[in-house]
Amino acid sequence: MHGGIEHRIGVLFVCLGNICRSPMAEGAFRAAAEERGLACLIDSAGTASYHLGSQPDQRAIAVASAKGIDIAEQAARQIERDDFYRFSHIIALDRANLESLRAKAPRDGTARLAMLMDAVDGRRGEPVPDPYYGDTAAFELAWSMINLGACAWADRLKSEAAALRS
Ligand code: 4NP
């Protein structure tokens with residue numbers, strides 16, 4: 001995150017608690033970016049502060065792990081002012097979190113704000129439902145939407161990165 005390679009593309013996934021949906025999005029996108037050879041800064045955060053420092057929810061860890069993706073090392077953090085300058089894209093998991101981001105964004109922030117499903121044809125603006133109070137099936141459904149969105153964003157940003165280089 002600090003030092004090392006300078007990335008022109010940086011993607012921050014944002015949900016409410018940063019323990020269910022955005023950690024899954026970070027994990028899915030990390031795998032998708034790696035598969036595509038897309039080098040970028042990747043992180044996740046919450047708009048709320050309930051779970052600072054917490055590991056992702058065990059159900060999120062399990063659903064990702066079943067797909068071969070390890071998200072257990074992540075620790076929850078809250079969105080901060082600097083994020084609106086450090087990341088080129090801040091991607092919300094639902095509408096309420098997009099509105100929170102808009103309210104928090106500094107006037108001269110450089111990050112583009114969007115929603116996860118915006119990159120998926122025909123599903124622009126669709127929210128990923130919060131699985132926190134749901135069952136295993138809710139986490140499975142969240143994972144499949146999130147993985148679809150993460151792959152679509154990786155495709156889109158891979159094209160944008162190629163355009164930046166040419
Ligand atoms: P997330 O899910 O936003 O996908 O991480 C939630 C986690 C915690 C709470 C709500 C949603 N909560 O109210 O504590």
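One-based numbering, in listed order, for ligands and for the atoms of each.
The closest donor-acceptor contact from the side chain of Gln78 to the backbone of Thr47 lies under 3.5 Å. Between the side chain of Arg59 and the main chain of Glu140, no donor-acceptor pair closer than 3.5 Å is present.
Here the side chains of Leu113 and Leu98 are in contact, with some heavy-atom distance below 4.5 Å. Counting heavy atoms from C-beta outward, Asn18 and Pro23 have side chains that approach closer than 4.5 Å. Between Val128 and Met115, the closest side-chain pair of non-hydrogen atoms is not below 4.5 Å.
With a 4.0 Å heavy-atom cut-off, ligand 1 is reached by no atom of Phe139. Counting heavy atoms under 4.0 Å from ligand 1, residue Asn18 touches it through the backbone alone.
Remark: minimum distance from atom 11 (C) of ligand 1 to any protein heavy atom is reached at Asp130 OD2, 3.0 Å.
Considering backbone and side-chain atoms together, Arg21 places an N or O closer than 3.5 Å to an N or O of ligand 1. At under 3.5 Å, a nitrogen or oxygen of Leu16, whether backbone or side chain, sits near a nitrogen or oxygen of ligand 1. Geometrically, ligand 1 and Cys15 share no nitrogen or oxygen pair separated by less than 3.5 Å. At under 3.5 Å, a nitrogen or oxygen of His51, whether backbone or side chain, sits near a nitrogen or oxygen of ligand 1.
Listed by number with element, the atoms of ligand 1 under 4.0 angstrom from any heavy atom of Tyr133 are 13 (O). Within ligand 1, the atoms closer than 4.0 Å to a non-hydrogen atom of Ile19 are 5 (O), 7 (C), 8 (C), numbered from 1 in the order shown. Under a 4.0 Å criterion applied to the non-hydrogen atoms of Cys20, ligand 1 contributes the atoms 1 (P), 2 (O), 4 (O), 5 (O). The Gly17 neighbourhood of ligand 1 comprises atoms 1 (P), 3 (O), 5 (O), with distances under 4.0 Å to a heavy atom of that residue.
In this structure, CZ in Arg112 is found 3.5 Å from NE2 in His89, a value given to the nearest 0.5 Å.
Smallest separation of non-hydrogen atoms from Ile69 and Ala31: CD1-CB, 3.8 Å.
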Stepwise, does the side-chain contact (heavy atoms from CB on, under 4.5 Å) test hold for Gln55 with Ile71?
CA-CA 9 Å; Gln55 190 182 43; Ile71 63 167; over 6 Å; no
